> 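Handing you this structure, nothing more for now.
Quick note: residue numbers are just sequence positions, from 1. Note that the structure is predicted; figures quoted are calculated from it, not measured.
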Amino acid sequence: MDLGLKGRWALVCAASKGLGRGCAEALAGEGANVVITARGEDDLLATAAALKAAHPAVEVLAVVGDIATPEGRAAALAACPRVDILVNNAGGPPPGDFRDWDRAQWIAALEANMLAPIELIKATVDGMAARGFGRVVNITSGAVKAPIDVLGLSNGARSGLTGFVAGLARQPRLAGANVTINNLLPGAFDTERLRKTLAAGAAEAGLDADAVAAKRRAAIPAQRFGSAAEFGAVCAMLCSAQAGYLTGQNILLDGGNYPGTF
Ligand code: NAD
């Protein structure tokens with residue numbers, strides 16, 4: 001199926017690695033031009049070069065910067081001729097016990113995982129509506145649906161974004177103008193972040209990292225971790241011309257891990 005994305009411009013935040021990169025690859029594969037961002041220049045430029053080599057017909061622009069800051073967002077927006085597709089993403093907050101978190105840690109989590117996406121949405125959705133096409137995909141977490149105790153910063157900040165988006169997506173001036181806003185909720189995906197988290201947990205418990213990863217995979221009905229490519233493919237589907245009636249939804253991609261019927 002042709003997803004109708006050829007010639008669209010996509011701003012994909014935090015995309016030098018992992019799930020963001022998977023989304024950029026899938027969108028470029030559908031013919032969308034992409035602006036990708038990340039904080040680390042070397043990895044970002046390497047990813048941009050790989051994307052360009054794989055998809056020579058599309059434009060690939062790389063913007064170094066922290067998307068959680070006003071400067072990082074301004075640079076990303078300035079580089080994108082127009083934002084037809086916005087994929088909001090940033091690194092997740094660290095795990096821990098809420099008794100140890102001070103105000104600064106909460107503010108950092110809110111900046112990265114709630115306010116940055118809201119600011120980028122604010123900067124782009126009215127232009128999308130005026131042009132009659134827009135797709136916003138926020139990468140959140142399965143922890144929004146099934147909170148994970150040690151990820152309190154993530155549970156809190158991402159739930160704030162989710163609540164805000166639920167209202168915004170239903171504004172007739174957006175939904176009625178073919179602008180959709182949805183959240184993609186990853187379960188366990190085989191990215192650098194997951195590998196590091198598993199290795200750190202195993203080291204702390206004095207266990208073998210491979211054995212811990214195998215146990216985690218075995219607990220997922222799909223018996224494996226997801227791949228960034230399959231995450232990106234679902235993102236591209238949400239961004240497709242055909243998905244204009246799909247908005248305000250939280251879509252869990254977790255290999256069946258969430259145990260509920262709904
Ligand atoms: P990753 O560490 O593999 O990649 C993160 C990417 O984001 C990198 O390119 C990094 O450079 C970039 N980045 C991080 N913070 C940034 C910032 N402030 N500004 C610009 N770029 C930034 O991580 P991932 O596994 O792809 O995770 C992506 C998001 O999904 C995170 O918020 C993570 O918490 C969430 N998540 C991931 C999983 C999983 O299993 N991988 C599960 C649930 C939620």
Side-chain angles (χ1 to χ4, degrees), residues 1-15 20 23-24 26-27 30-37 61 63 67-90 110-141 144-145 156-185 232 234-253 262:
M1 187 192 278
D2 178 354
L3 299 187
L5 297 178
K6 283 187 190 67
R8 298 283 185 202
W9 276 94
L11 170 55
V12 187
C13 305
C23 293
L27 291 167
E30 292 298 322
N33 303 307
V34 292
V35 175
I36 58 172
T37 86
L61 305 176
V63 180
I67 208 69
T69 65
E71 300 76 27
R73 290 191 290 277
L77 290 167
C80 201
R82 60 170 201 278
V83 182
D84 300 315
I85 295 164
L86 169 65
V87 180
N88 277 314
N89 186 32
L110 293 171
E111 291 278 11
N113 299 114
M114 179 181 170
L115 299 176
I118 291 173
E119 290 288 351
L120 287 169
I121 289 170
K122 182 179 168 189
T124 55
V125 284
D126 289 338
M128 292 174 179
R131 293 188 299 273
F133 178 91
R135 300 285 183 262
V136 179
V137 175
N138 303 304
I139 300 180
T140 65
S141 172
V144 171
K145 200 163 157 105
R158 296 186 201 276
S159 294
L161 174 66
T162 304
F164 167 75
V165 160
L168 184 70
R170 291 168 172 83
Q171 281 191 354
R173 63 190 278 191
L174 297 178
N178 192 24
V179 176
T180 68
I181 312 179
N182 293 291
N183 304 314
L184 266 183
L185 285 57
V234 176
C235 175
M237 280 189 258
L238 284 179
C239 295
S240 69
Q242 292 88 342
Y245 209 50
L246 200 175
T247 195
Q249 300 304 304
N250 289 286
I251 295 163
L252 191 57
L253 274 173
F262 298 106

> Has Arg8 got a side-chain atom pairing as donor or acceptor with Cys239's backbone, closer than 3.5 angstrom?
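The answer is no, because no donor-acceptor pair under 3.5 Å joins these two groups.
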> Provide the closest heavy-atom pair for Leu5 versus Phe133 in the form atom of the first, atom of the second, distance.
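Looks like CD2-CZ, 4.3 Å.
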> So how far is it from Tyr245 OH to Thr180 OG1, rounded to the nearest 0.5 Å?
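Separation between the atoms: 13.5 Å.
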> Nearest 0.5 Å please: distance from the CD1 atom of Ile67 over to the CG atom of Asn89.
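Answer for the CD1-CG pair, Ile67 versus Asn89, is 9.5 Å.
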> For the residue pair Ala15 and Ala24, what are the closest heavy atoms and their distance?
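Of all heavy-atom pairs spanning Ala15 and Ala24, the closest is CB-CB, 4.5 Å.
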> So Leu174 and Gln171, do their side chains get closer than 4.5 Å, heavy atoms only?
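They are in contact (side-chain heavy atoms under 4.5 Å apart), so the answer is yes.
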> Enter the distance from Met114:CE to Arg158:CZ here, rounded to the nearest 0.5 Å.
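Those atoms lie 13.0 Å apart.
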> Given side-chain contact (heavy atoms from CB on, under 4.5 Å), test Asn88 with Ile121 step by step and report yes or no.
CA-CA 9 Å; Asn88 277 314; Ile121 289 170; 3.7 Å; yes
> Which heavy atom in Ala68 sits nearest to a heavy atom in Ala116, and how many Å separate them?
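Minimum heavy-atom separation between Ala68 and Ala116: CA-CB, 4.1 Å.
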> Which residue is it: Thr140, Leu115, Leu110? I am looking for the one with a side chain to side chain contact (heavy atoms under 4.5 Å, CB included) to Leu161.
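Option passing the side chain to side chain contact (heavy atoms under 4.5 Å, CB included) with Leu161: Thr140.
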> For a side-chain contact (heavy atoms from CB on, under 4.5 Å) check, start with the C-alpha distance between Leu61 and Val34, then their side-chain angles and the critical distance, and finish with the verdict.
CA-CA 6 Å; Leu61 305 176; Val34 292; over 6 Å; no
> Can any side-chain N or O of Thr247 pair as donor or acceptor with the backbone N or O of Ile181 at less than 3.5 Å?
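Answer holds: yes.
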> I need the minimum non-hydrogen distance between Ala26 and Gly232, along with the two atoms involved.
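So the minimum-distance heavy-atom pair works out to CB-O, 3.2 Å.
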> Indicate yes or no for a side-chain donor-acceptor contact from Arg135 to the backbone of Ser240 under 3.5 Å, with no hydrogens or angles considered.
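Present.
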> Would you say Ser141's side chain and Val144's backbone share a donor-acceptor pair under 3.5 angstrom?
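Such a contact is absent between Ser141 side chain and Val144 backbone.
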> Quick check: closest heavy atoms across Cys23 and Val12, and the distance to 0.1 Å?
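It is CB-CG1, 4.2 Å.
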> Indicate yes or no for a side-chain donor-acceptor contact from Thr37 to the backbone of Ala14 under 3.5 Å, with no hydrogens or angles considered.
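Checked: pair present.
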> Checking side-chain contact (heavy atoms from CB on, under 4.5 Å) for the pair Val83/Trp9: CA distance, chi angles, key distance, verdict?
CA-CA 6 Å; Val83 182; Trp9 276 94; over 6 Å; no
> For residues Ile36 and Val63, determine if any side-chain heavy atom of one lies less than 4.5 Å from a side-chain heavy atom of the other.
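A side-chain contact is absent here, since even the closest heavy-atom pair is not under 4.5 Å.
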> Does the side chain of Leu27 reach to within under 4.5 Å of the side chain of Val87, using non-hydrogen atoms?
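They are in side-chain contact.
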> Among all residues two or more places apart in sequence or in another chain, which pass the side chain to side chain contact (heavy atoms under 4.5 Å, CB included) test with Val234?
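Residues passing side chain to side chain contact (heavy atoms under 4.5 Å, CB included) with Val234: Leu184, Met237, Leu253.
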> If we only count heavy atoms from C-beta on, is the Leu86 to Val137 side-chain gap below 4.5 Å?
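Contact flag for Leu86/Val137 side chains = no.
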> Using side-chain hydrogen bond (donor to acceptor under 3.5 Å, both in side chains) as the criterion, point out the one residue from Asn183, Thr162, Asn113 that pairs with Asn138.
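The side-chain hydrogen bond (donor to acceptor under 3.5 Å, both in side chains) with Asn138 is passed solely by Asn183 among Asn183, Thr162, Asn113.
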> Any salt bridge linking Asp84 with Arg131? Criterion: basic side-chain nitrogen under 4.0 Å from a carboxylate oxygen.
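Counted as a salt bridge, because a side-chain N and a carboxylate O are separated by less than 4.0 Å.
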> Of all heavy-atom pairs between Ala76 and Val35, which one has the smallest distance, and what is that distance?
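Closest heavy-atom pair between Ala76 and Val35: O-CG1, 4.2 Å.
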> Could you go through Ile251 and Leu238, starting from their C-alpha distance and side-chain angles, then the distance that decides it, and tell me whether this counts as side-chain contact (heavy atoms from CB on, under 4.5 Å)?
CA-CA 10 Å; Ile251 295 163; Leu238 284 179; 3.6 Å; yes
> Under 3.5 Å, is there a donor-acceptor pair between the side chain of Asn182 and the main chain of Gly248?
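Judged by distance alone, yes, a pair lies under 3.5 Å.
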> Closer than 4.0 angstrom, basic N to acidic O: yes or no for Asp2 and Lys6?
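Looking at Asp2 and Lys6, the cut-off is met.
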> According to salt bridge (Lys or Arg N to Asp or Glu O under 4.0 Å), who are the partners of Arg170, at least two apart in sequence or on a separate chain?
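Partners of Arg170 under the salt bridge (Lys or Arg N to Asp or Glu O under 4.0 Å) test: none.
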> Can you see whether Asn33 engages Arg82 through a side-chain donor-acceptor pair at a distance of less than 3.5 angstrom?
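There is no such pair between these side chains.
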